[in-house]
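Step one of this worksheet: look at the structure below.
Owing to the predicted nature of the structure, the values given are computational and were not obtained by experimental measurement.
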Amino acid sequence: MATVVELPLETYKGPVDPDWCPGCGDFGVLRTLQRAAGKLGIQPKDLMVVSGIGCSSNLPGYIHAYGFHGLHGRALAQATGMKLGNHDLHVVITGGDGDGYGIGIQHFIHSMRRNIDLTYVVMNNQIYGLTTGQASPTSEKGMKTKSTPIEGVIENPIDPISLALASGATYVARGFSGDVKTMAELVKGGIEHKGFALIDCLSPCVTYNKVNTYDFFRERVYDLAKEGHDPSDMKAAFAKATEWPMVQRDRIPLGLFYRNKEMPTYEDLEISLRKGPPVRQPLGVEDPEELLSEFL
């Protein structure tokens with residue numbers, strides 16, 4: 001195994017500074033991804049960051065790597081094509097709860113059941129921040145927002161951890177922007193993992209969500225590992241996943257819920273990829289330049 005040479009954070013400093021609101025949890029997620037990539041020694045040319053729409057989805061523009069800012073809810077579909085085309089790329093999707101758990105939930109479920117080797121980092125602020133404060137799929141029941149100003153949210157929130165477990169994700173974790181060091185280890189583990197990895201990051205919106213603040217989470221979060229949780233036990237992972245937000249709101253588990261190292265990936269099983277990814281396969285013609293000349 002080759003020796004990993006850790007790279008400094010400056011390696012991944014993008015040409016544009018983030019324009020998020022001061023104090024936004026997404027700053028912590030950006031630093032988390034930079035730290036994780038640095039610890040793994042990933043060169044910028046080998047890192048692809050993909051996103052959809054939302055405040056959080058601007059992240060590819062703030063990191064020195066390949067980036068793709070796509071359509072609302074379609075980041076996983078686009079990332080799938082990139083990964084299947086070039087297995088050498090470390091493909092990381094960065095998005096928000098609205099983009100991923102709302103309009104993009106179809107791609108979310110199917111990407112997990114296929115166990116494609118992707119790392120999905122979701123900045124979950126429980127609000128639509130880019131469109132100035134409407135309820136999102138993860139907003140707490142009863143929460144008053146611009147779109148639910150009278151009675152508050154009347155729907156139950158999406159539980160992304162339980163959904164990921166039920167859909168076939170093989171690495172499922174939750175982090176918190178108030179603890180970048182721990183979250184960076186979770187993202188690092190997700191990138192290292194061969195298979196679909198979800199890291200749901202509690203990322204407070206300081207402008208539009210006055211309920212789920214940094215203080216709200218600091219008073220409630222606890223470390224799964226410190227309480228002896230076994231991430232190889234799916235039943236235990238489900239039990240921990242359902243603690244919040246559905247059952248109660250006083251204790252919120254953080255850390256690695258589940259990891260399955262044995263499940264083959266889609267890339268392992270797809271017959272057309274047995275000779276390698278398309279970028280490594282021959283075109284099947286004797287002289288590619290001659291073929292190209294026919295179209296010029």
Side-chain angles (χ1 to χ4, degrees), residues 9-14 16-40 42 44 47-70 75-76 79 90-101 104 108 118-130 136-138 160-161 164 171-193 197-209 212-214 216-218 221 252 254-256:
L9 289 176
E10 291 72 22
T11 305
Y12 310 99
K13 180 174 173 54
V16 179
D17 291 329
D19 62 356
W20 294 314
C21 300
C24 175
D26 295 354
F27 283 100
V29 178
L30 173 60
R31 180 54 59 92
T32 286
L33 180 55
Q34 292 169 327
R35 289 183 65 151
K39 285 181 176 295
L40 292 170
I42 300 173
L47 178 63
M48 168 63 81
V49 184
V50 185
S51 71
I53 297 297
C55 296
S56 53
S57 292
N58 288 331
L59 192 146
Y62 307 142
I63 188 169
H64 179 49
Y66 284 113
F68 188 91
H69 196 167
L76 282 168
H90 297 277
V91 182
V92 178
I93 305 96
T94 58
D97 46 296
D99 187 69
Y101 305 147
F108 181 52
L118 298 171
T119 305
Y120 193 16
V121 179
V122 180
M123 284 152 270
N124 185 354
N125 58 18
Q126 300 167 271
I127 200 81
Y128 278 108
L130 185 66
S136 90
T138 54
I161 301 298
Y171 182 101
V172 182
R174 178 189 284 138
F176 170 45
S177 287
D179 184 358
V180 170
K181 183 178 179 181
T182 301
M183 192 161 61
E185 288 300 314
L186 293 173
V187 173
K188 174 177 174 288
I191 296 173
E192 289 178 306
H193 176 75
L198 168 71
I199 301 93
D200 183 63
C201 302
L202 302 175
S203 180
C205 174
V206 295
T207 302
Y208 297 110
N209 188 340
N212 308 114
T213 63
Y214 285 99
F216 171 89
F217 289 117
R218 288 194 178 104
V221 296
I252 303 174
L254 298 181
L256 181 59

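Ring pair Y62/W20 is perpendicular by interplanar angle, where above 60° counts as perpendicular and below 30° as parallel.
Listed for the Y101 side chain is no donor-acceptor partner under 3.5 Å among the backbone atoms of T138. Side chain of Y208 to main chain of L130: no donor-acceptor pair is present (N/O by atom type, distance under 3.5 Å, no hydrogens or angles). Within the 3.5 Å criterion, the main-chain N or O of N125 finds a donor-acceptor partner in the side chain of D97. For the pair Y66 (side chain) and V91 (backbone), a donor-acceptor distance under 3.5 Å is absent.
Residues S56 and T94 form no side-chain contact, since every pair of their non-hydrogen atoms from C-beta on lies 4.5 Å or further apart. Looking only at side-chain heavy atoms (C-beta outward), F27 and C21 stay at 4.5 Å or farther from each other. Annotation: side chain of Y171 is in contact with side chain of I199 (closest heavy-atom distance under 4.5 Å). Two residues are said to be in side-chain contact when any heavy atoms from C-beta on lie closer than 4.5 Å; L118 and Y120 fail this criterion. Contact annotation: the side chain of L30 approaches that of P18 to within less than 4.5 Å [non-hydrogen atoms, C-beta and beyond]. Y12 has its side chain out of reach of L33: every pair of non-hydrogen atoms, C-beta onward, lies at least 4.5 Å apart.
Heavy-atom minimum distance, Y128 versus P137: OH-CD, 3.9 Å. Scanning both residues, P60 and G67, for their nearest heavy atoms gives CB-CA, 4.2 Å. What you find for L186 and L256 is that their closest heavy atoms are CD2-N, 3.9 Å. Residue A79 comes nearest to V50 through the heavy atom pair CB-CG2, 4.1 Å, listed as atom of the first residue, atom of the second, then distance. Of all heavy-atom pairs spanning A184 and A36, the tightest one is O-CB, 3.7 Å. L198 approaches A164 most closely through the heavy-atom pair CD2-CB, 3.6 Å.
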**Request:** Check the pair I42 / I191 against side chain to side chain contact (heavy atoms under 4.5 Å, CB included), numbers first and verdict last.
**Result:** CA-CA 10 Å; I42 300 173; I191 296 173; 3.9 Å; yes
**Message:** Checking L202 against L254 for the side chain to side chain contact (heavy atoms under 4.5 Å, CB included) test, could you report, in this order, the C-alpha distance in whole Å, the side-chain angles of both residues, the deciding distance, and whether it holds?
**Reply:** CA-CA 9 Å; L202 302 175; L254 298 181; 4.0 Å; yes
**Asked** Given F176 and I252, is the side chain to side chain contact (heavy atoms under 4.5 Å, CB included) satisfied, shown in steps?
**Response** CA-CA 10 Å; F176 170 45; I252 303 174; over 6 Å; no
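In this structure, the side-chain contact (heavy atoms from CB on, under 4.5 Å) partners of S203, at least two apart in sequence or on a different chain, are D26, V29, M123, S177. Partners of H64 by side-chain contact (heavy atoms from CB on, under 4.5 Å), not counting sequence neighbours, listed by chain and number: P44. Residues meeting the side-chain hydrogen bond (donor to acceptor under 3.5 Å, both in side chains) test with N209, sequence neighbours left out: N212. In this structure, the side-chain contact (heavy atoms from CB on, under 4.5 Å) partners of S57, at least two apart in sequence or on a different chain, are S51, H69, D99. When the side-chain hydrogen bond (donor to acceptor under 3.5 Å, both in side chains) test is applied to T182, the partners found at least two apart in sequence or on another chain are D179. By the side-chain hydrogen bond (donor to acceptor under 3.5 Å, both in side chains) test, T119 pairs with no residue at all, sequence neighbours left out.
Using a cutoff of 4.0 Å between basic side-chain nitrogens and carboxylate oxygens, E185 and K181 are not scored as salt-bridged.
We find the CG-CD distance between L59 and Q34 to be 8.0 Å, quoted to the nearest 0.5 Å. Once rounded to the nearest 0.5 Å, the distance linking CG of L40 with CD of E192 reads 5.0 Å. Atom CG of D19 and atom CG of D17 lie 9.5 Å apart (nearest 0.5 Å). Note that the OG1 atom of T32 and the NZ atom of K188 stand 13.5 Å from one another [nearest 0.5 Å].
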